[in-house]
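A, B, ... follow the sequence lines: proteins, then strands. Residue 1 opens every chain.
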Amino acid sequence: MIDLSLHILDIAENSVTAGANLIKITIIKDSLSNVLSIEINDNGRGMSRELLENAKDPFYTTRLTRKVGLGLPLLSQAAEEAQGVFDIKSGPEGTCVFVSFQLDHIDRKPLGDMAATISILIASNPGASFLYTHKINENIYTLDTEEIKSELEEIPINTPDVIIAIKNDINDWLNIND
Amino acid sequence: MAKLTIADLKKIKDKQKATFTLREGGYKAKVTVHMGTCGIAAGAREIMTTLMDIISESEEKVVIATTSGCAGLCAREPMATVEVMGSAPVKYGDLTPDKMKDIYKEHVQEGNPVEKYAIVIGNESTY
């Protein structure tokens, strides 16, 4: 994976595969404490204790458990390379993946194109709800697909014009604040 | 949300309402981009972005773009499956944005599978 936004897309696709219909993605960049953190929280069916214990082991997760695959080990490795922390909690009520990085670490992957990641997640999973929060120092951006859906009424959220508007909105904010 | 206001959404809604009834008859084609870890690492997001851009620029908005997991042919990623209603689905591999544009034009719009990029032509469905 070239950047972190691709990891986020990958982990959130796992959430959808696990039957989640509410996926919360939170990114916090804090220059003062020199930390970049990402949390992906879903209400999917969760993982068994055995699967969870081995989630970071790429050799454990072969075809038998392809629900997790290589995605988590790769993300965990990305965190380790940048003096970060990787943590995963999972239960019947859902799964929460947390990862943090030393913001100015030379090996920290760039965040990448979050507008592409979020718009693709929404476009390909119109039935699920996404809550995307992005905090950059004191500025906060939130995008709640439930708000957008209630505004759109019978027009589906994955209508191309809506997806483009969402993508542009995220890009506009990031261009100003990041 | 930054600038995406209720007024913006209302504008889109009104515009869509005008064409919505035309589309209720169903979709002409479905394109599924394989978005497993292998696909994403190989560039599937760029393929999906290209596809969504083509669909939004196209006048006839009767194509669904969606994603699926790993299809088990990780070495041939990025992959996409094109299903034109009434004909057999076709799996394409080793995609690039340019190949996706060719496939959209020749297969999705004109109905002719692009054999040089195809891996499988058959009744295998992705869902």
Notebook entry, point to check: Do A/Leu131 and A/Met114 share a hydrophobic cluster (ILVMFWY, side-chain heavy atoms under 4.5 Å, transitive)?
Noted result: no
Bottom line for A/Ile170: the part with an atom under 4.5 Å from chain B's heavy atoms is neither
Is the closest side-chain heavy-atom distance between A/Leu121 and B/Met35 below 4.5 Å? no
Whatever's closer than 4.5 Å to a heavy atom in chain B on A/Asp3 counts as side chain
* To do: Verify the neighbour count for atom NZ of A/Lys24: are there more than 12 heavy atoms of other residues, nucleotides or ligands below 6.0 Å?
  => no
Tell me, with the steps shown, if A/Ser119 and B/Met52 meet side-chain contact (heavy atoms from CB on, under 4.5 Å). CA-CA 10 Å; A/Ser119 61; B/Met52 293 197 310; 4.2 Å; yes
dist A/Ser124:OG -> B/Met48:CE (nearest 0.5 Å) comes out at 4.5 Å
Of all heavy-atom pairs linking B/Ile55 and A/Pro160, the shortest is CG2-CG, 3.8 Å
The interface call for A/Asp113 against chain B, heavy-atom contacts under 4.5 Å, is both
Okay, A/Ile120 and chain B: the region with an atom under 4.5 Å from a heavy atom over there is both
Practice task
Determine, for A/Glu151 against B/Lys13, whether the closest basic-nitrogen to carboxylate-oxygen distance falls under 4.0 angstrom.
Solution key: no
Between the CG atom in A/Leu6 and the CZ atom in B/Arg45, the distance rounded to the nearest 0.5 Å is 4.5 Å
Between the OG1 atom in B/Thr49 and the CD1 atom in A/Ile163, the distance rounded to the nearest 0.5 Å is 11.5 Å
Linked, directly or transitively: A/Tyr141 and A/Ile28 (ILVMFWY side chains, under 4.5 Å) = no
The reported gap from NZ in B/Lys10 to CG in A/Leu152 (rounded to nearest 0.5 angstrom) is 12.0 Å
Within a radius of less than 6.0 Å around CD1 of B/Ile119, do more than 12 heavy atoms belonging to other residues, nucleotides or ligands occur?
yes
(Q) Counting only heavy atoms from other residues, nucleotides and ligands, does the tally under 6.0 Å from CD of A/Glu39 exceed 12? (A) yes
dist A/Ile157:CD1 -> B/Leu9:CG (nearest 0.5 Å) comes out at 8.5 Å
CE of A/Met1 to OG1 of B/Thr37, rounded to nearest 0.5 Å, is 5.0 Å
With the 4.5 Å side-chain cut-off for hydrophobic clustering, are A/Leu174 and A/Ile8 part of the same group?
yes
Handout entry: Co-membership, hydrophobic cluster, residues B/Val31 and B/Ile121, 4.5 Å side-chain
Key = yes
Could you check whether atom CD of B/Glu110 has more than 12 heavy atoms from other residues, nucleotides or ligands sitting under 6.0 Å from it? yes
Exercise for the section: Apply side-chain contact (heavy atoms from CB on, under 4.5 Å) to B/Glu57 and A/Ile164, showing your working. Expected result: CA-CA 10 Å; B/Glu57 284 160 18; A/Ile164 299 289; over 6 Å; no
Quick check on the hydrophobic clustering: are A/Ile2 and A/Ile27 connected, directly or via other members, by side-chain heavy-atom contacts under 4.5 Å?
yes
